[in-house]
Colleague: 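Dropping the structure in here first, questions after.
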Amino acid sequence: MLFVSQIVMPKILEPDDGYEMPAMEIGALLNVTCRADGNPLPNVTWQKNSTGETFETKRGSQQLIRSLGEDDDFGIYTCIARNHLAKQEVSIKVIKG
């Protein structure tokens with residue numbers, strides 16, 4: 001009997017779209033996870049909306065870890081999960097405290 005894997009579009013499981021991080025200070029370490037599923041497993045990237053800068057994640061880790069060094073490090077970050085079928089995006093808000 002031959003088993004065929006079901007092909008599934010990406011689905012972001014975490015974080016919720018529109019999530020707002022607790023207020024953070026300059027110099028704080030931003031550590032957020034974008035957990036996504038799909039078949040094939042989607043590639044996950046983060047994009048900082050204010051500058052368009054894109055951050056790749058290591059396959060499997062799906063984490064964005066960076067030091068918040070300047071005012072433009074705060075704002076909206078979008079997690080993008082993509083495989084050859086489609087992509088899904090969710091955004092989080094990082095505010096300065």
Side-chain angles (χ1 to χ4, degrees):
M1 178 178 261
L2 178 63
F3 290 99
V4 177
S5 296
Q6 183 178 7
I7 298 174
V8 180
M9 294 189 319
K11 173 146 179 71
I12 296 176
L13 307 172
E14 167 189 12
D16 292 330
D17 194 26
Y19 176 76
E20 186 172 303
M21 299 285 297
M24 302 182 80
E25 301 293 329
I26 287 181
L29 189 64
L30 175 64
N31 183 348
V32 289
T33 299
C34 180
R35 198 164 55 87
D37 197 10
N39 188 18
L41 189 63
N43 183 42
V44 173
T45 57
W46 283 93
Q47 184 174 26
K48 184 169 55 171
N49 291 4
S50 64
T51 64
E53 185 177 2
T54 300
F55 308 94
E56 297 287 329
T57 62
K58 293 180 182 177
R59 187 167 290 290
S61 82
Q62 303 175 341
Q63 284 185 299
L64 170 64
I65 302 172
R66 60 173 304 170
S67 179
L68 299 171
E70 301 177 13
D71 284 342
D72 71 349
D73 286 342
F74 297 89
I76 305 295
Y77 286 78
T78 300
C79 169
I80 304 163
R82 175 181 321 200
N83 65 18
H84 73 280
L85 295 172
K87 71 176 181 176
Q88 184 182 18
E89 301 179 0
V90 299
S91 296
I92 65 165
K93 186 174 185 179
V94 179
I95 58 173
K96 185 176 174 184

Colleague: So, Thr45 and Thr54: side-chain donor and acceptor under 3.5 Å apart, yes or no?
Modeller: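 Looking only at side-chain atoms, Thr54 and Thr45 do not form any donor-acceptor pair under 3.5 Å.
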Colleague: For Ser67 and Leu29, which heavy atoms make the closest approach, and how far apart are they?
Modeller: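 Closest heavy-atom pair between Ser67 and Leu29: N-CD1, 4.0 Å.
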Colleague: What is the minimum heavy-atom distance between Gln47 and Gly52, and which atoms define it?
Modeller: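 Closest approach of Gln47 to Gly52: NE2-O, 3.4 Å.
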Colleague: Test side chain to side chain contact (heavy atoms under 4.5 Å, CB included) on Lys48 and Arg66 and set out the steps.
Modeller: CA-CA 12 Å; Lys48 184 169 55 171; Arg66 60 173 304 170; 3.9 Å; yes
Colleague: Give, for atom CD of Glu20 and atom NZ of Lys93, the distance between the pair rounded to the nearest 0.5 Å.
Modeller: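 Rounded to the nearest 0.5 Å, the CD-NZ separation comes to 5.0 Å.
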Colleague: Looking only at heavy atoms, what is the nearest atom pair of Ala36 and Gln62, with distance?
Modeller: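 Here Ala36 and Gln62 meet closest at N-OE1, 3.2 Å.
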Colleague: Do Asn39 and Gln6 have side-chain atoms, one donor and one acceptor, less than 3.5 Å apart?
Modeller: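 No donor-acceptor contact under 3.5 Å links the two side chains.
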Colleague: Between atom CG of Leu30 and atom CZ of Phe55, what is the distance when rounded to the nearest 0.5 Å?
Modeller: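 Between Leu30 CG and Phe55 CZ, I get 9.0 Å after rounding to 0.5 Å.
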Colleague: Taking all heavy atoms of Ile26 and all of Gly69, pick out the closest pair and write down the distance.
Modeller: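 Taking Ile26 first and Gly69 second, the nearest heavy atoms are CG2-O, 3.5 Å.
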Colleague: Distance check, rounded to the nearest 0.5 Å: Thr78 atom OG1 versus Leu64 atom CG?
Modeller: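 Between Thr78 OG1 and Leu64 CG, I get 11.0 Å after rounding to 0.5 Å.
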Colleague: Are more than 12 heavy atoms from other residues, nucleotides or ligands located less than 6.0 Å from atom CE of Met9?
Modeller: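 Check fails, neighbour count at 12 or below.
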Colleague: What closest approach, in Å, do Pro40 and Asn83 show between heavy atoms, and which atom pair accounts for it?
Modeller: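 Distance-wise, the nearest heavy atoms are O-ND2, 3.0 Å.
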Colleague: Looking only at side chains, do Ser91 and Asn49 share a donor and an acceptor under 3.5 Å apart?
Modeller: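 Not at all, the side chains of Ser91 and Asn49 share no donor-acceptor pair under 3.5 Å.
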Colleague: At what distance, to the nearest 0.5 angstrom, does CD of Glu53 lie from OH of Tyr77?
Modeller: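 Spacing of CD (Glu53) from OH (Tyr77) equals 7.5 Å.
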Colleague: Would you compute the distance between atom CG of Asp72 and atom OG1 of Thr51 and round it to the nearest 0.5 angstrom?
Modeller: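 Rounded to the nearest 0.5 Å, the CG-OG1 separation comes out at 6.5 Å.
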Colleague: What's the spacing between Glu89 CD and Ile12 CD1 if we round to 0.5 Å?
Modeller: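 One gets 7.5 Å once the value is rounded to the nearest 0.5 Å.
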Colleague: Do Val94 and Val90 land in one hydrophobic cluster if side-chain heavy atoms of ILVMFWY residues count as linked below 4.5 Å?
Modeller: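 No, Val94 and Val90 fall in different hydrophobic clusters.
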Colleague: Mind running salt bridge (charged side-chain N to carboxylate O under 4.0 Å, His left out) on Asp73 and Lys96 for me, showing each step along the way?
Modeller: CA-CA 9 Å; Asp73 286 342; Lys96 185 176 174 184; over 6 Å; no
Colleague: For the side chain to side chain contact (heavy atoms under 4.5 Å, CB included) test, which of Gln63, Glu14, Met21 pairs with Val32?
Modeller: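 That would be Met21; it is the only one of Gln63, Glu14, Met21 passing the side chain to side chain contact (heavy atoms under 4.5 Å, CB included) with Val32.
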Colleague: Specify the closest pair of heavy atoms between Leu68 and Phe74, including all atoms of both residues, with the distance to one decimal.
Modeller: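 Heavy atoms of Leu68 and Phe74 come nearest at CD1-CE2, 3.7 Å.
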